[in-house]
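In what follows, a structure is listed as C-alpha cells, so that the remarks can point back to it.
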Amino acid sequence: MNRISKYATTLQKSAILLLMLAVPVCTLGQKKGESKPSAPAKSAPAHSSGGASGGGSHGSTPTHSSTPSHSAATGHGATTGGTHTSATGHAAATGGTHTSATGHAATTGGTHTSATGHTATTSRTPATAHAATSTRTGSSASVSHTPPGKTVSLKGGGTASVRPNGSIRSINRNGMTIQHNVNGGRTVVSERNGARIVTTGRGGYVQRAYVVRGGRTFVSRTYVVGGVAHVGVYRSYYWGGRPYYGYYPGYWYHPGFYAWGYRPWGVGVYWGVGAWGWGGAPWWGYYGGWWNPYPVYASPAFWLTDYLIASSLQSAYAARADAHADEMAADAQASGGGGGDAAPAASNGVQLTPEVKEAIAEEVKAQLAAQQAQASAQGGGSAGAAPAPASGQVPPALDPAMRTFVVDTNVTGVGNGQECGLTGGDVLTRLTDTPDADQTVNVSVGASKKGDCPTGQTVAVKVDDLQEMYNHFQEQLSAGMSELAKKQGTGGMPAAPDTGTTPSDVPPPQADASAAKALQDQQQAADQTETQVKQETAAAPGGTQ
C-alpha cells in the first residue's frame, strides 16, 4: 500500500511539472502566431492656421496628419505605409514620406516635398483617391452624393428629378437635358446635327468639330451673350470613357512676358479701386465687402489674381440678375441704384481670406509658367512635335497638379445628402481625382458667400463643372494678360520686357452664323418641355426616391 501511495505521489508531481512546462510553451506559441491589433484610425486631424498680409507673400499653416493606418468616412483612399503630412492640402501616398507646404500632390514610393503645390517628381503617379474629410477644425464628415427627392418617368420617354419641395431639379427627354441649380439659373444641353448646344440664362454656345492637329482633336465654340458673338478653340480630352474640352489660346505672348508675369516686380505697386475703375459699379457695391483687393501688388501675378476674382464676381452678379430679376430690382431700389459703396447684401461678414487668395495666386503663377513653356515650344516650331494623345490624357479638371478652382457661374453641389449652391467667385479645392458613377468628385469649399455651400464643407460637384471653371480661369487669365500688356509702364507699373504675340498653331475660325438662332430655338424648346413636365410631375403620385 505504501508502495502504491508513493507511486501515486510520484505521478502527481510529474503531472504538475509537465503542466508547468506546458504553459510557457503554449503562451509562446500563441504570441508567435497571433497578429497585433491595429491602432484605431484617426478621424479628426489637427488644423492650425496663421495669418498673412495682403500686399506681398501670403502663406497658410494648417496641418493635416494621419497615422499609417487611416480610414476616411467617405470610403475614399487613405495613406498606406509611411507618414503623410500636408500643410494646406490633401494627398495620398503609398510608402515613404510625403510633405506638402501649400499645395496638393500624390506620390508612390520615396519622398516628395512640394513648396508651392506644383512641383512634381519623376516617380509621381496620379493619385486615384484622397481622404475626403471636412476641413473644419476637429471634425470629419461623410459625403453623400445622392440629393433628396424623387425620379418620375415621363410620358413618351424620359425622366425628371424632382426636389422635395416639388421644384424640378433636372429633366432628361428626347436628347435634351435641363438642369436647374439650387441658387437659380437653368442650363440646357442637347446634341443636334453634330453640334453640341448649351444655353444658359444669359446666352450660351454652339460647339462643333473643328480640326485635328498632331493627333489632337480641337472643337470650336461660338458664344452668344447679350446678342454679341465670339468664338474660341477648345482641345478635346477623352478620359474615363467621356469627352472633356479644355480652352486653347488663339495666340501666345512671347515667353518673356509670361516670365515677367509671375516674377516679383521688386517694388510694390499701388493700384486702388479708382485705377481699376470699379467704384460705383453695382457688382462692387454688392460684393465689395466680401472681398478685399491687395493694397499693394508685389508682382503681376497678384494683380492678375484680383483681376480674376473681380471678373468672377461680375459674372456672378450678372447671373444673379438673370436668375432673380425681381430681387435685383428691389436691391437696386433699396440701395439707391445698387452702386457705389452700398452694403454688400451677399457678404454676411464672410470674406475671402488671404490664405485662399494665396492659393489662387499660386495657381496663376503655375499657369503662367505653363504658358511660358508652351509659348517657347510655339516659337521653336516644336508645338506639335510630340503631341499628347487625345485619348488617355487626364483633362485639366482632374490633373493632380491642379487643385484650386474659382467658380464661374451657378453650380449645385451635394454634401451630406443635401444640395447647396455655389456662385461665381467661390473657391474650391478638389480632394479626389477619380469621378464616381455620377461623374462627380469631392471638393472642399475654401470660400463662399451668403446662401452658398458653407466654407469648410466637403461637397460633390460634377467634373464637367470643374472643367468649365478651369476654362473660364484660362480665358480670364488671357484677358488679364491683355490688360497688363496695355497698362504696363503706366500708373507706376513697371514696364514689361516684351508684349509681342505669336498666332496659335490652331487659330480660331469664324463665328458660327447660325449659333444665335440655334440657342434661341433651344430655349423655346426647353420652355415647352418644362411646361409639359411640370404638369406631369404635379399629377404623378410618387416616383423613385
Side-chain angles (χ1 to χ4, degrees), residues 193-198 203-238 243-261 304 307-308 311 364 367-391 393 395-397 408 467-486 488 496-516 518-519:
N193 301 322
R196 177 180 175 85
I197 305 171
V198 179
Y205 64 84
V206 175
Q207 176 176 296
R208 296 185 184 275
Y210 183 32
V211 295
V212 177
R213 290 279 191 273
R216 294 175 293 181
T217 302
F218 296 87
V219 300
S220 67
R221 284 185 182 180
T222 297
Y223 285 87
V224 181
V225 180
V228 179
H230 71 275
V231 64
V233 173
Y234 293 77
R235 181 190 164 185
S236 298
Y237 297 82
Y238 199 76
Y244 298 95
Y245 307 95
Y247 174 74
Y248 199 79
Y251 61 90
W252 303 92
Y253 286 100
H254 291 173
F257 188 44
Y258 293 110
W260 180 80
L304 287 167
Y307 180 92
L308 288 165
S311 297
V364 168
Q367 293 302 323
L368 289 176
Q371 290 179 11
Q372 180 190 17
Q374 289 176 302
S376 297
Q378 290 270 331
S382 60
S391 177
Q393 186 178 8
D408 64 311
Q467 184 61 47
E468 291 308 313
M469 293 178 202
Y470 165 84
N471 290 339
H472 185 76
F473 190 97
Q474 294 295 318
E475 292 161 2
Q476 292 303 317
L477 186 58
S478 293
M481 289 293 283
S482 177
E483 286 298 309
L484 269 179
K486 296 175 185 175
Q488 53 87 27
D498 186 359
T499 59
T501 60
T502 300
S504 169
D505 57 326
V506 187
Q510 295 292 320
D512 184 348
S514 65
L519 294 171

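The minimum heavy-atom distance between Ala515 and Val224, with the atom names listed, is CB-CG2, 4.1 Å. When every heavy atom of Gln467 is checked against every heavy atom of Pro395, the shortest pair comes out as OE1-CB, 3.7 Å. Scanning both residues, Val219 and Ala209, for their nearest heavy atoms gives CG1-CA, 4.2 Å. Taking each heavy atom of Val364 and Phe473 in turn, the nearest pair found is CG2-CZ, 3.8 Å. Of all non-hydrogen atoms in Tyr245 and Asn471, the two that sit nearest each other are O-ND2, 3.0 Å. For the residue pair Pro255 and Gln372, the shortest heavy atom distance occurs at O-CG, 3.6 Å.
No hydrogens or angles considered: a donor-acceptor pair under 3.5 Å links the side chains of Gln393 and Arg235. A donor atom on one side chain and an acceptor atom on the other are found under 3.5 Å apart for Tyr248 and Asp505.
Side-chain atoms of Gln371 and Leu477, non-hydrogen and from C-beta on, do get closer than 4.5 Å to each other. Within the 4.5 Å cutoff, side-chain heavy atoms of Pro509 are placed close to those of Val231. Side-chain contact check for Tyr258 versus Ser376: every heavy-atom pair is 4.5 Å or farther apart. Side-chain contact between Leu484 and Phe257 is present, with heavy atoms from C-beta onward closer than 4.5 Å. Contact annotation: the side chain of Glu475 approaches that of Tyr223 to within less than 4.5 Å [non-hydrogen atoms, C-beta and beyond].
Note on ring orientation: taking the six-membered ring where Trp is involved, the planes of Tyr251 and Tyr253 are perpendicular (angle over 60°, cut-offs 30° and 60°).
A salt bridge links Glu468 with Arg221: the closest approach of a Lys/Arg side-chain nitrogen to an acidic carboxylate oxygen falls below 4.0 angstrom.
Checked by atom type and distance alone, the side chain of Asp498 pairs as donor or acceptor with a backbone atom of Gly500 at under 3.5 Å. A donor-acceptor pair under 3.5 Å is formed between the side chain of Gln488 and the backbone N or O of Ala496. With hydrogens and angles disregarded, no donor-acceptor distance shorter than 3.5 Å links the side chain of Thr222 to the backbone of Val206. When atom types are taken as modelled, the side chain of Ser478 and the backbone of Gln474 share a donor-acceptor pair closer than 3.5 angstrom.
Geometric assessment of Arg208 against the ring of Tyr210 yields a negative cation-pi assignment under the 6.0 Å and 45° thresholds.
To the nearest 0.5 angstrom, Met481 atom CE is 9.5 Å from Thr499 atom OG1. Going from atom OG of Ser504 over to atom CD of Gln374 covers 9.5 Å, rounded to the nearest 0.5 Å.
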